[in-house]
Each structure stands twice: as C-alpha cells, then as structure tokens.
Protein chains: 2
Amino acid sequence: MKHSKDIQPHCPMGATLAILSGKWKLLILTHLTTGKKRFSELQKCIPDITQRMLTMQLRELEALKIIHRKVFPVIPPKVEYTLTDIGFSLQPVLNHLESWGEHYLKEVLTVPDKV
Amino acid sequence: MKHSKDIQPHCPMGATLAILSGKWKLLILTHLTTGKKRFSELQKCIPDITQRMLTMQLRELEALKIIHRKVFPVIPPKVEYTLTDIGFSLQPVLNHLESWGEHYLKEVLTVPDKV
DNA sequence: CAGAATCCACAGCGATACTG
DNA sequence: CAGTATCGCTGTGGATTCTG
C-alpha cells in the first residue's frame, strides 16, 4: 500500500478518491463539463496552474478514462480535451459534493464556535 | 494558497475536499457512522493506522466540526468520538461517492482498453 | 501550441520512543 | 489509555528552461 493512487478493484471509494485527489482535478473537470477545451483554454480558465501540473493532471485523468485527449496533427499543435461518458457521469457526484459543501459552510459558519 | 487544507468560505468544493482528503479520514468516518467509538476501538477497527495518524486525523475532523470529542476525566483516560450532525449529513455523500466508484470500476474494467 | 525535462521545497505520512 | 515528541522518508506540486 504505497500511496492512495493505487486503485484496487475492491475499493470503490479508493477509486473515487484517486480521481478526485490532486489539487486541480476538480477544477479541470468542472471546466470540461461545459464542453471540450483546448490546452490553452484550460490554462486561461485556471490561471494559477502551471503547464506542468495541467499536463500531469490531464494525463492522470486520461489514464483513468475520465477524459479523452484528441490530438490534431497540425502545426501549431492542437489538442482537445473532452469528458468521456464516465467522466460525465461524475457530474451529479460533483454537484452533490458541492451542495453538501455549501450546506456545511453555512452550518459551520453559523455555529458561534464556543471555545 | 499554500495547500489544499485552506478552506475558503467561497469554495464549497474546497471545503468538502479538505474534509475527505487525508489517507484515513474516510475510514474513520465510516467507522463512526456505526456509533460512538473510543480511541482504542478505532485503532482496532483500523489496524494499519498509527496512533499519531489517528490522533492527527481525529483532531482535524474535530476542528472541522465533523466529529465531536468527549473527554472523560478519569484514570485511565477515556475519550469518545462521535459524529456531529454535520458529520452525519456526510453519509449520503459518501454513499454517492461509493456507488459511483462501483459504477466506474465496472465500466472501466469492462472496456477492453484499446491501445 | 502543447508539451518534456530538471531541479527543488515542503507537506504528508510513517516508525519509534516517551508521558500524564 | 490516549495521547506527545522527534526523526526521517517520499510524493506532490512549483519554478524554470528547453523542444517539435
């Protein structure tokens, strides 16, 4: 059991977490739900990410079959990223995560936090 | 923006992820959904975790108001951990995550992975 | 344009020993 | 029993430079 990236077929949670872990995957996924994006477009959407990280996370997501990478053999290079079917099926999950997050923040910020 | 632990009130996703990140939080949460547990009980439930890590993750979850820590001032010490209301509200989210994970694993393992 | 390669800092996690 | 304290490894992510 080296790190959390190892996906065991027996552990759905581990698989899910492997997909959601990483600092930028959520952002990338979110932006891809609005349609296909080129590498440079993603960079604009997520200004703080470096090329290196964007590349790495995209490759991971590709290996996990969450996104598809379409390379156009042209000069200058052009690559388009799209969600796969499985990738799209993540959307409701992400929404659920987000709506819970809102609920959580509201609750926690409401509680007077008695020390 | 140092690391992903920093929760911004504006980002529900970030909050949610901060809660789910960490190697053991899911396990701990899962075990606590079945009722209150003492420190030593959690250790038995999760044999591979070290005291240090168990302590750390529990403290994080406590700070995030996901669990409650009840200390009994007795000798020997006794501490009970329970889920807070917000902690309990996480359950459906976790189930959703898990069921998607199952779906995902089934799909991905099915696809012949054409290279 | 879309990356690959290299170098590096630091957070996460683990092992072990000690304590009220 | 339920923790601290200390040490160290390793992986993740960042900055920068180079390329087809």
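Being a predicted model, the structure only gives us computed values, none of them experimental. Just so we're on the same page: letters track the sequence lines, and every chain starts at 1.
- For the pair A:Lys78 and A:Phe72, the cation sits on the ring face: its NZ or CZ lies under 6.0 Å from the ring centre, inside 45° of the axis.
- In this structure, A:Met56 atom CE and C:dC7 atom P are separated by 16 Å, rounded to whole Å.
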Quick tally for nucleotides 2-8 of chain D: nucleotides whose base has a protein heavy atom under 4.0 Å get B, sugar-phosphate-only ones S, the rest -, giving SSB-B--

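- The shortest side-chain heavy-atom distance between A:Leu54 and A:Ile28 falls under the 4.5 Å cut-off.
- Of all non-hydrogen atoms in A:Ile86 and A:Lys65, the two that sit nearest each other are CB-O, 4.3 Å.
- Between the side chains of B:Thr16 and A:Trp100, not a single donor N or O lies within less than 3.5 Å of an accepting N or O.
- Heavy atoms only, all atoms of each residue included: A:Leu29 and A:Ile67 are closest at CD1-CG2, 4.1 Å.
- Between B:Leu90 and B:Thr33 there is no side-chain heavy-atom pair separated by less than 4.5 Å.
- The stretch residues 26-36 of chain B does not touch DNA chain C, since none of its heavy atoms comes less than 4.0 Å from the strand.
- Rounded to a whole Å, the NZ atom of B:Lys23 is 11 Å from the P atom of D:dT12.
- A:Lys37 and A:Thr34 share a donor-acceptor pair across their side chains, judged by distance under 3.5 Å alone.
- Rounded to whole Å, atom C1' of C:dC1 lies 9 Å from atom CD1 of A:Ile75.
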